[in-house]
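Here's the structure, in structure tokens; my notes come after.
Hydrogens, waters and symmetry mates are skipped; everything else that's a heavy atom, side chains included, is used. Source: prediction; values computed, not measured.
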Amino acid sequence: MSSSRPSRRAVLAASAAVAAVSAVSLSGTAAQAAQAASAAAAPAYRWRTAVIGGTGFVTGVLFHPSVRGLAYARTDIGGAYRWDERAARWTALTDQLGWDDWNLLGVEAIAVDPAHPNRVYLSLGTYAQSWAGNGAVLRSEDRGATWARTDLTVKLGANEDGRGAGERLLVDPRDSDTLWLGTRHDGLLKSTDRGATWAAASTFPATPSTSGQGVTFLVAAGRTVYAGWGDGDGNGTAGTANLYRTSDGTTWEAVPGQPVGTTSAKVPIRAAYDKHTRDLYVTYGNAPGPNGQSDGSVHRLRTTTGSWTDVTPVKPGGTTTDGSADTFAYGGVAVDACRAGTVVVSTNNRWADIDTVFRSTNGGRTWTSLKDSAVFDVSETPFLKWGSDKPKFGWWIQALALDPYDSRHIVYGTGATLYGTRDLKHWAPQIRGLEETSVRQLISPPVGEAHLLSGLGDIGVMYHERLTASPSRGMASNPVFGSATGLAQAAAKPSYVVRTGWGDNGNGAFSRDGGRSWAPFAAQPDIAKNAPGPIATNADGSVLLWTFVHWDGTKYPAHRSTDNGTTWSEISSIPKGATPVADPADPTHFYAYDTDTGTLYASTDSGLSFTARAVGLPSGDSQFELVAAPERSGDLWLSVKWNGLHRSTDGGVTFTKVASCWASYTLGFGRAAEGAAYPAIYLVGSTDTITAVYRSDDEAKTWTRINDDAHQWGWTGEVITGDPRIHGRVYLATNGRGIQYGEPV
């Protein structure tokens, strides 16, 4: 996704950080073992992904060199996928990773074995920060249907700068039992038992730094292995080596004559080898990307002679027709396995003149921009128009692949999708089955055409007429948002919906037709542009309360409107940053939970003023969640993570801890079971040792787990809601695997 990323952690020296580790099963923790034992008791649920179509950064695509129609894709936070040519869709391969393994949903690299078509390897680890867990390597003998797992003693960074580089994982071309793994801060690792154990490659000459990229890619050129190096003097400083090689698997050397930066540093991004001409093509940038690049190049190494040639299609640094600086780097590179000298490369971070893919059929002597003749069909995923008349060629193009069995089949990734062509002219999303959305809000309306409205990271708000097709209206427009920050529906007037988010032409909007169409607020508080936060509307839609929280955590006073966003007034009595919650039955009542002090605040005058009620509740975590039960006044449920679930039936005057679960991360309601007087409750939490998805049909007295070990999706603590019209149907937000919905079989 395109949200900001934390800085990289400080690192230990490679010699101290790496040790051989033993393989463990994919469900290796005690909690996961208990989870497996309880799965048999769970009711049969069918889980599917609500179709949107990609929506996140696809960081790598790898066609298998020995199997026609077989390919793999990786994402920065949404796991790995396998392409099924016959079905023309992707199959998720890592949904079995559970709550405790949330950091492994980011895929740093993929490797396949040309000599053993069923083998595939993944290196996993989303963040290299001190607060994140270590990385892991998964290995499969059946194309990802089942996995064995090795936990590493180092951290990987699939969602950090440089995540579009690679691949950083490689099967040695001389020996299928030997694998190489490049890390960001711990040097080069080597395995001689097909990834079961790992140790430092002690003869690798480059020294890791506490910043920079470490090993950016590993590629085989015949029997020689090349390694890109992104550190240099901190981050690929001009004049330092950035490419190493070994021909015997033991002795490494800096590649002679390599391009080493002049006016700007050169970070090697990707490389591809033409077996016909024995040429190695390398793309470079002055930063690892996908953001922050302004210069780059493409170079060709004739491996038989050691000679280098600059084959850059277009030099960055010119000007566009409107006078803007045409700055960018180069990202993806792929060669044609069928045609000697045919190669494609992509620009990256080219915002002024828009990124493109260049193609050459003569070893880089001349190039053609495929963007210039491109015809796009995004009817299957309309959001890719981004509120305009037609889609753009793309951005963040670092993943680029050329089908080894079809010279006209090219695929490239962007920050939102995968585009593919079969004739070098007509392009369409090749994204079925791959959903990487980071989901922030979900509403299931009680009436109307759509059973679901969603608020999403990077692509705003969507109206899902069908769960099996991308929303026909695409992203909500007027205004178009990047990431949504708030979504609310008037409980007694469901045709009225409001939304907030990050946008260039307004940060709030309302709908009078249940979210089908939108109009911007006539005005907004000044702070809304820099700190749009959650919004609430009371039961009849006559009052709006808008909270403001900057992305850096700074909180600002909430504001109130009684004229549909035409005018706003500050509310001083509600704690800054506290998320307002409307009473679903009484339009004069609002509630807000102050996570800093553990105090419940309530308003009985339509949000004009708030007073403290219950005090001494758990505090200190901004992600605690307050939810009001539907069609009831004052029935409040408070999820406070490992402090459990608390309930109030008197509008927040008192709370009682719910004894049936010890951890609650998010909670929602759906249609009651037949004969039940209370709505079904859905929970992501723990009733025993298991963090999972649960349903209660008896007012939280007992819970039944409704997901299973194959459907876990990493971290799922953002939002969950049931369908008010269909008992048993539940919608679950994930952080990178889109919207999952389940129904009893």
Side-chain angles (χ1 to χ4, degrees), residues 2 4-5 7-8 57 59 76 157 160-166 168 182 184-185 206 208-217 219 226-244 254-255 257-272 280-301 308-320 324-333 345-358 364 367 394-400 413-415:
S2 61
S4 59
R5 314 298 183 196
S7 61
R8 288 181 291 276
F57 187 23
T59 51
D76 53 2
E160 300 197 351
D161 287 347
R163 58 196 182 276
R168 290 177 166 97
R184 292 164 178 268
H185 309 301
S209 69
T210 56
S211 60
Q213 290 292 302
V215 179
T216 57
F217 65 73
V219 64
Y226 288 80
W229 185 249
D231 275 20
D233 185 14
N235 196 14
T237 299
T240 60
N242 53 46
L243 191 64
Y244 295 87
V255 178
Q258 62 184 279
V260 291
T262 51
T263 57
S264 62
K266 287 190 179 295
V267 179
I269 305 300
R270 287 180 173 268
L280 182 73
Y281 297 86
V282 185
T283 59
Y284 292 90
N286 64 335
N291 282 318
Q293 296 176 320
S294 59
D295 195 8
S297 60
V298 183
H299 290 259
R300 185 188 71 211
L301 169 65
W308 284 88
T309 304
D310 186 338
V311 293
T312 308
V314 174
K315 300 290 186 181
T319 57
T320 63
S324 302
D326 189 19
T327 59
F328 57 93
Y330 283 89
V333 56
V345 298
S346 66
T347 63
N348 187 68
N349 207 47
R350 193 182 194 185
W351 295 103
D353 203 31
I354 309 301
D355 280 303
T356 186
V357 171
F358 288 102
W367 297 88
W395 75 101
W396 284 13
I397 305 177
Q398 293 186 297
L400 178 65
T414 76

Check your understanding: Looking only at heavy atoms, what is the nearest atom pair of Val282 and Pro268, with distance?
Key -> CG1-CB, 4.2 Å
Exercise for review: May I ask you to test the Asn242-Val267 pair for a side-chain heavy-atom distance under 4.5 Å?
Suggested key: no
Review point. Do Thr327 side-chain atoms and Gly317 backbone N/O form a donor-acceptor pair below 3.5 Å?
Key: no
Check your understanding: Checking side chain to side chain contact (heavy atoms under 4.5 Å, CB included) for the pair Trp308/Gln258: CA distance, chi angles, key distance, verdict?
Key -> CA-CA 7 Å; Trp308 284 88; Gln258 62 184 279; 3.8 Å; yes
Review point. Hey, mind stepping through Asn286 and Ser294 against side chain to side chain contact (heavy atoms under 4.5 Å, CB included) and telling me if it holds?
Key: CA-CA 7 Å; Asn286 64 335; Ser294 59; 2.9 Å; yes
Check your understanding: Atom CZ of Phe328 and atom CG of Asn349: how far apart are they, to the nearest 0.5 Å?
Key -> 10.5 Å
Check your understanding: Quick one: CD on Gln293 to CD on Gln398, what's the gap to the nearest 0.5 Å?
Key -> 5.5 Å
Check your understanding: Closest heavy-atom contact between Gly292 and Ala287?
Key -> O-CB, 3.5 Å
Review point. Considering all heavy atoms of both residues, which atom of Gly332 and which atom of Ser346 are nearest to each other, and what is their separation?
Key: N-OG, 2.8 Å
Point to revise | Reference residue Arg350; test salt bridge (charged side-chain N to carboxylate O under 4.0 Å, His left out); the match among Asp355, Asp295, Asp326 | key: Asp326
Check your understanding: Should the ring pair Tyr330 and Phe358 be called parallel, tilted or perpendicular, given that the plane angle runs from 0 to 90° and is split at 30 and 60?
Key -> tilted
Review point. Measuring from Ile354:CD1 to Trp395:CH2, what's the distance to the nearest 0.5 Å?
Key: 10.5 Å
Revision key, fill the gap. dist Phe217:CZ -> Leu243:CG (nearest 0.5 Å) comes out at 5.0 Å
Point to revise | Under 3.5 Å: donor-acceptor pair, side chain of Trp367, backbone of Val345 | key: no
Check your understanding: Less than 4.0 Å between a side-chain N and a carboxylate O, is that true for Asp231 and Arg184?
Key -> no
Review point. Hey, what do you get for OH (Tyr244) to CH2 (Trp229), rounding to the nearest 0.5 Å?
Key: 7.5 Å
Point to revise | Gap between atom CG of Asn348 and atom OG1 of Thr283 - 0.5 Å precision | key: 9.0 Å
Study note, to complete from the structure: Taking every heavy atom of Arg270 against every heavy atom of Ala399, the minimum-distance pair comes out as NH2-CA, 4.2 Å
Exercise for review: Please examine the side chains of Pro313 and Val298, heavy atoms only from C-beta on, and report whether any two atoms are closer than 4.5 Å.
Suggested key: yes
Practice item. Give the ring-plane orientation class for Tyr284 versus His299, where under 30° counts as parallel, over 60° as perpendicular and anything between as tilted. Key: perpendicular
Practice item. Compare all side-chain heavy atoms of Glu160 with those of Gln213 and state whether any distance is below 4.5 angstrom. Key: no
